[in-house]
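First the structure, in the form of structure tokens, and then the observations on it.
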There are 2 protein chains.
Amino acid sequence: MTLTAQPTSTTGLDLGPAAALACRACGHRLDLAAEFACPQCFGPLEIAYDFGRVTREDIERGPRSIWRYKSLLPVPSTVESYPNTDPGLTRLLRADRLGAELGIRNLWIKDDTGNPTHSFKDRVVAVALAAARELGFTVLACPSTGNLANATAAAAARAGWDSVVLIPASLERAKILMTAVYDTNLLACEGTYDDVNRLATELAFEQEDWAFVNVNVRPYYAEGSKTLGYEVAEQLGWRIPAQTVIPIASGSQLTKVDKAYGELISLGLVDDAEYKVFGAQAAGCSPVSTAYREGTDVVRPQKPDTIARSLAIGNPADGPYVLDAVRRCGGSINDVTDEEVRDGIRLLARTEGVFAETAGGVTVANAKKMVESGDLDPDADTVLLITGDGLKTLDAIEHQVGPKATIPATSAAVREALGL
Amino acid sequence: MTLTAQPTSTTGLDLGPAAALACRACGHRLDLAAEFACPQCFGPLEIAYDFGRVTREDIERGPRSIWRYKSLLPVPSTVESYPNTDPGLTRLLRADRLGAELGIRNLWIKDDTGNPTHSFKDRVVAVALAAARELGFTVLACPSTGNLANATAAAAARAGWDSVVLIPASLERAKILMTAVYDTNLLACEGTYDDVNRLATELAFEQEDWAFVNVNVRPYYAEGSKTLGYEVAEQLGWRIPAQTVIPIASGSQLTKVDKAYGELISLGLVDDAEYKVFGAQAAGCSPVSTAYREGTDVVRPQKPDTIARSLAIGNPADGPYVLDAVRRCGGSINDVTDEEVRDGIRLLARTEGVFAETAGGVTVANAKKMVESGDLDPDADTVLLITGDGLKTLDAIEHQVGPKATIPATSAAVREALGL
């Protein structure tokens with residue numbers, strides 16, 4: 001652990017512009033540390049910052065990864081000098097063909113399948129690893145059902161850290177193999193994901209050198225999602241899109257993209273213009289969209305039943321904050337059926353050549369629904385976040401797509417098959 | 001088709017710095033067109049250039065994709081204004097942990113799994129699409145067993161072109177699904193890949209608006225691999241690594257990276273320093289390494305039998321040119337067993353957090369072998385090309401990796417399983 005003091009920190013830690021932990025429920029502040037629950041009210045903690053002067057030019061001169069935004073993240077000022085997965089700066093694609101199908105005139109896709117393990121989880125894990133190193137941890141860990149397991153095991157491998165990944169024993173083959181290949185301590189646990197998650201919290205208290213990225217270093221980890229918002233704005237030429245559609249699992253991603261937009265405005269990095277964020281869920285796991293529709297602040301837990309397994313969090317920790325953000329800016333939250341999710345995956349693939357996992361299908365299908373309902377303004381600049389890769393959820397389309405025909409290898413057979 | 005004349009072209013086509021087609025066998029030159037075989041000797045045609053002044057600054061100011069090198073590629077000067085997959089500028093990773101295992105002091109990984117469909121094939125297909133548009137084609141096509149099928153179908157979808165993809169009917173599920181999802185005309189053909197390839201050549205003559213990327217527009221397509229060489233040099237701070245290890249399928253990639261290095265030197269974009277390129281094959285398909293070992297110029301065809309299916313070309317078109325390039329610069333060509341390929345995949349994953357397909361395992365395992373044999377200088381700067389993604393070849397590691405244990409979801413069980 002480096003002991004270089006930062007002007008804004010009282011702890012001797014170098015965590016960049018991070019100044020303190022602050023409770024999102026009661027506002028209580030405490031020193032930066034590996035804490036995740038408020039000692040006064042048990043509310044969730046998040047990072048409070050003391051930003052210095054940040055310019056577009058400084059960012060643009062930075063590395064081609066999320067570390068170009070290090071002056072806005074809770075990571076050491078020397079973050080690039082340690083091995084990490086260095087994700088980010090994924091493509092922002094102008095999506096005219098999808099836009100034509102959806103009836104949106106100016107549409108972009110943020111394609112996070114280009115990250116090192118092909119999901120946005122590389123962003124949050126990279127920030128968690130950088131903060132965990134500074135906080136004195138030596139083992140990277142997580143409970144997960146897929147993308148997070150891949151990202152955690154890969155980041156630990158690259159850094160030369162030991163890692164522990166806990167998964168439900170019933171997990172699919174591709175996700176198990178793509179985690180185990182990094183030589184992590186992969187433990188298949190009997191029970192549901194909820195059981196695994198509970199076990200992780202217990203272990204986080206017992207094993208003091210284990211950083212469970214989404215448990216005891218969660219306040220740092222979650223900030224990694226802000227980089228999606230920063231990148232969208234920078235890639236649009238330093239402006240915030242009028243409308244952003246974001247999938248909801250725990251809800252953290254939506255609240256952090258909203259936070260990122262707010263920071264860019266308050267730091268003067270973009271013009272202060274109104275924007276809306278929209279939440280996308282699957283009908284089979286729709287606790288936040290249900291609360292939104294019912295006009296309540298209370299997110300009632302659900303038992304998930306959807307093919308969008310990376311979004312299947314029945315009791316989303318950030319649900320109430322998602323409702324706040326969406327209502328504040330005048331967005332909305334919707335949900336779609338599994339059939340619509342499959343159609344969304346296929347629509348995105350055939351119009352833009354981007355093969356998304358089920359979560360991407362959720363985003364596209366909700367965008368379609370929200371144009372039809374009038375929630376989305378078809379004339380306003382719109383960005384859809386595509387946060388994971390179709391190769392990890394092949395089952396979802398298995399019975400939907402395939403060869404047009406099986407034929408003898410002759411040109412006559414090709415002509416006949418294609419009606420030429 | 002645009003009719004903007006370029007100063008170097010006699011055809012009315014805008015294909016950037018491309019000046020003519022030249023036969024690699026007899027040197028005969030002809031106008032730029034959709035030709036791939038020399039009308040005089042049936043030798044393979046490649047692009048001859050008339051480069052203008054190209055500076056590092058112009059390139060660095062360009063887009064974050066292969067189009068930053070458009071002044072070195074056979075593509076229209078307006079290439080970025082048409083929808084394409086815009087691949088490239090993938091990570092060049094400093095690989096100290098892998099280097100320590102291999103005994104190479106200064107090692108880098110070029111990680112092409114970050115491309116849109118997760119292999120280097122996006123580079124060649126993007127160039128083929130751009131050239132095909134200018135040449136007047138309207139349909140993108142290919143015969144393929146995997147990565148090329150994914151890349152072709154995705155690029156056509158993004159461009160709004162019809163596409164035809166021919167595969168052997170026996171292809172694996174993941175590769176079929178990741179092609180079919182883009183809504184291409186996917187035809188499963190009875191027979192081997194050789195049968196499918198023959199069919200593609202026949203169709204290329206029959207269907208005049210079909211651009212088979214690796215058949216009738218192959219001279220343009222193949223140039224896309226040069227961008228791997230350009231990027232490695234730029235990302236190293238504009239210098240060519242002393243040693244580059246490159247997998248061999250048709251052999252085109254190795255010859256084009258070598259060509260790229262030569263162009264950078266002759267254009268004064270890098271210092272003129274000696275470099276060596278090394279070829280990597282699997283023992284089960286090693287026609288080029290066999291010829292190299294035997295000291296002959298004749299590459300005798302083999303019947304492939306290896307898990308490295310993306311490299312399994314038994315009669316590689318560019319084999320003789322690979323031998324020329326490697327012998328000219330003092331490199332070497334080797335091959336490794338399937339068991340070593342699997343070990344190579346796992347070694348790369350556990351040291352650097354990069355999950356490569358079997359071709360990447362071939363590269364890593366050959367590098368290991370070549371350090372041990374003395375072919376590779378452990379003190380010279382070395383780059384390994386990792387050209388495809390492990391998620392597409394899960395079968396290769398299926399029986400090699402998995403959970404350390406299956407346990408009850410209790411902390412006692414975790415401690416016992418990990419010996420804590």
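The sequence lines fix the lettering, A, B, ..., with proteins before strands; numbering per chain opens at 1. Just so we're clear, the structure is a prediction, and the values are computed from it rather than from any experiment.
- Taking 4.0 Å as the cut-off between side-chain N and carboxylate O, Arg173(A) and Asp395(B) count as a salt-bridged pair.
- With a 4.5 angstrom heavy-atom cutoff, Thr90(A) does not touch chain B via any of its atoms.
- Most heavy-atom pairs under 4.5 Å with chain A, from the set Asp195(B), Asn150(B), Asp389(B): that is Asp389(B).
- The main-chain N or O of Val354(B) is never found under 3.5 Å from a side-chain atom of Arg158(A) such that the two would form a donor-acceptor pair.
- Residue Thr406(A) touches chain B through both its backbone and its side chain, counting heavy-atom pairs closer than 4.5 Å.
- Identified by a heavy-atom distance below 4.5 Å to chain A, contributing residues of residues 139-146 of chain B are lacking entirely.
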For Lys404(B) and Leu187(A), what are the C-alpha separation, side-chain angles and deciding distance, and is it a side chain to side chain contact (heavy atoms under 4.5 Å, CB included)? CA-CA 6 Å; Lys404(B) 293 260 194 271; Leu187(A) 296 176; 4.2 Å; yes
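- Using a 4.5 Å cut-off between heavy atoms, Ala200(A) makes no contact with chain B at all.
- Interface remark: Leu418(A) contributes side-chain atoms only to the contact with chain B (heavy atom separation under 4.5 Å).
- Arg91(B) places a side-chain N or O within 3.5 Å of a backbone atom of Thr85(A) that can act as its donor or acceptor partner.
- Only the side chain of Leu203(A) comes within contact range of chain B, with at least one heavy atom under 4.5 Å from a heavy atom of that chain.
- When the candidates Gln400(B), Arg198(B), Gln207(B), Arg64(B) are compared by the number of heavy-atom contacts under 4.5 Å with chain A, Arg64(B) comes out ahead.
- At a 4.5 Å heavy-atom cutoff, the contact between Arg415(A) and chain B is made by side-chain atoms alone.
- Among the candidates Ala417(B), Pro116(B), Ala156(B), the residue making the largest number of heavy-atom pairs closer than 4.5 Å to chain A is Pro116(B).
- Using a 4.5 Å cut-off between heavy atoms, Ala169(A) touches chain B through its side chain atoms alone.
- Neither the backbone nor the side chain of Ser65(A) comes within less than 4.5 Å of any heavy atom in chain B.
- At a 4.5 Å heavy-atom cutoff, the contact between Leu420(A) and chain B is made by side-chain atoms alone.
- Taking 4.0 Å as the cut-off between side-chain N and carboxylate O, Arg94(B) and Asp86(A) do not count as a salt-bridged pair.
- Heavy atoms of Glu206(A) lying under 4.5 Å from chain B belong exclusively to its side chain.
- Most heavy-atom pairs under 4.5 Å with chain A, from the set Glu398(B), Lys392(B), Glu202(B): that is Glu398(B).
- Taking the six-membered ring where tryptophan is involved, the planes of His118(A) and His118(B) are essentially parallel, since the angle between them stays under 30° and well short of 60°.
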